Novice: 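Please find one structure pasted underneath; my questions will follow.
Computed from a predicted structure; not experimentally measured. Values below: every heavy atom of this structure, side chains too, minus hydrogens, waters and symmetry copies.
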Amino acid sequence: MEMIFKDETFETEVMGSDIPVFVDFYADWCGPCKMMIPVVEELAKELEGRVKVGKLNVDENPNTASKFRVMSIPTFILIKDGEMKMNVMGAMSKQELLEKIESALL
């Protein structure tokens, strides 16, 4: 199940996580973000136990979005051992996104 990340908890839940964390930067008004909802939900199920999957609303959490220089949404990042290992933008297939995640985990 995907988590909801916020500015106040991002450092602890994401940067300090002992497993890799996939973050979906989105906004409620964003069409491509809405298209990615089922993809991210499926990834959360498939990666459970290996990767923590969550979302961060850029309108409600501008500090974290700014810190990661999110200029376009959806943006997907993968944090591993406190470092950003992946940063991709835009809607894409589940397979394409999964391949990018798997590559970043190596």
Side-chain angles (χ1 to χ4, degrees):
M1 180 173 182
E2 60 195 336
M3 303 178 70
I4 303 296
F5 300 125
K6 299 190 176 304
D7 281 348
E8 303 79 33
T9 59
F10 197 85
E11 194 64 34
T12 305
E13 291 181 339
V14 177
M15 301 307 287
S17 177
D18 54 351
I19 65 170
V21 184
F22 173 85
V23 184
D24 170 10
F25 288 87
Y26 77 101
D28 292 331
W29 51 264
C30 167
C33 299
K34 290 178 183 178
M35 287 175 25
M36 293 302 294
I37 290 172
V39 171
V40 174
E41 287 173 349
E42 287 179 35
L43 287 174
K45 290 175 190 165
E46 282 187 33
L47 297 170
E48 190 171 353
R50 285 186 35 206
V51 177
K52 190 186 299 185
V53 175
K55 309 164 69 110
L56 184 127
N57 185 313
V58 297
D59 291 332
E60 296 172 1
N61 302 281
N63 294 339
T64 302
S66 175
K67 177 180 175 184
F68 286 92
R69 294 183 171 90
V70 174
M71 302 292 182
S72 177
I73 51 176
T75 289
F76 307 101
I77 67 168
L78 183 85
I79 302 290
K80 182 179 175 187
D81 300 324
E83 291 183 28
M84 185 167 53
K85 300 291 186 181
M86 180 192 87
N87 182 342
V88 295
M89 292 176 273
M92 63 192 76
S93 71
K94 180 180 110 179
Q95 187 59 39
E96 188 177 355
L97 190 52
L98 185 58
E99 286 172 8
K100 291 180 184 302
I101 292 168
E102 294 290 355
S103 176
L105 289 173
L106 298 176

Novice: Could you tell me the separation between the CG atom of Leu56 and the CZ atom of Phe10, rounded to the nearest 0.5 Å?
Specialist: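 Those atoms lie 6.5 Å apart.
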
Novice: If we only count heavy atoms from C-beta on, is the Tyr26 to Asn57 side-chain gap below 4.5 Å?
Specialist: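 A side-chain contact under 4.5 Å exists here.
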
Novice: What is the minimum heavy-atom distance between Val58 and Ala65, and which atoms define it?
Specialist: CG1-CB, 3.8 Å

Novice: Roughly how far apart are Glu41 CD and Asp24 CG, rounded to 0.5 Å?
Specialist: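 Taking CD in Glu41 and CG in Asp24, the distance rounds to 10.5 Å.
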
Novice: Say whether Val21 and Phe68 are linked into one hydrophobic cluster, either directly or through other cluster members, by side-chain heavy-atom distances under 4.5 angstrom.
Specialist: yes

Novice: Phe22 and Leu47: side-chain contact (heavy atoms from CB on, under 4.5 Å), yes or no, with the steps?
Specialist: CA-CA 10 Å; Phe22 173 85; Leu47 297 170; 5.6 Å; no

Novice: Just wondering, do Trp29 and Asp59 contact through their side chains at under 4.5 Å, heavy atoms?
Specialist: yes

Novice: Tell me, which pairs form a salt bridge (Lys or Arg N to Asp or Glu O under 4.0 Å) where one or both residues lie in residues 1-20, sequence neighbours left out?
Specialist: Glu11-Lys67

Novice: Decide yes or no on side-chain contact (heavy atoms from CB on, under 4.5 Å) for Leu43 and Ile101, but give the supporting numbers first.
Specialist: CA-CA 10 Å; Leu43 287 174; Ile101 292 168; 4.0 Å; yes

Novice: If you measure from the Lys or Arg side-chain nitrogens to the Asp or Glu carboxylate oxygens, is any gap between Glu102 and Arg50 under 4.0 Å?
Specialist: yes

Novice: Would you sort out whether Thr64 and Phe5 count as a side-chain contact (heavy atoms from CB on, under 4.5 Å), showing the intermediate values?
Specialist: CA-CA 10 Å; Thr64 302; Phe5 300 125; over 6 Å; no

Novice: Determine whether Met15 and Ile19 fall in the same hydrophobic cluster, where Ile, Leu, Val, Met, Phe, Trp and Tyr are linked whenever their side-chain heavy atoms lie under 4.5 Å apart.
Specialist: no

Novice: Please list, one pair per line, the donor and acceptor atoms closer than 3.5 Å that link side chains of residues 89-98 to other protein atoms, with sequence neighbours excluded.
Specialist:
unit_1 : atom_1 : unit_2 : atom_2 : d
Ser93  : OG     : Glu96  : N      : 3.0
Lys94  : NZ     : Glu42  : OE1    : 3.1
Lys94  : NZ     : Glu46  : OE2    : 2.3
Gln95  : NE2    : Glu99  : OE2    : 3.2

Novice: Just distance, no hydrogens or angles: give the donor-acceptor pairs under 3.5 Å from side chains in residues 69-86, sequence neighbours left out.
Specialist:
unit_1 : atom_1 : unit_2 : atom_2 : d
Thr75  : OG1    : Ser72  : O      : 2.4
Lys80  : NZ     : Leu105 : O      : 2.8

Novice: Using the rule that two of Ile, Leu, Val, Met, Phe, Trp, Tyr join whenever any of their side-chain heavy atoms come within less than 4.5 Å, decide whether Met3 and Met36 are in one cluster.
Specialist: no

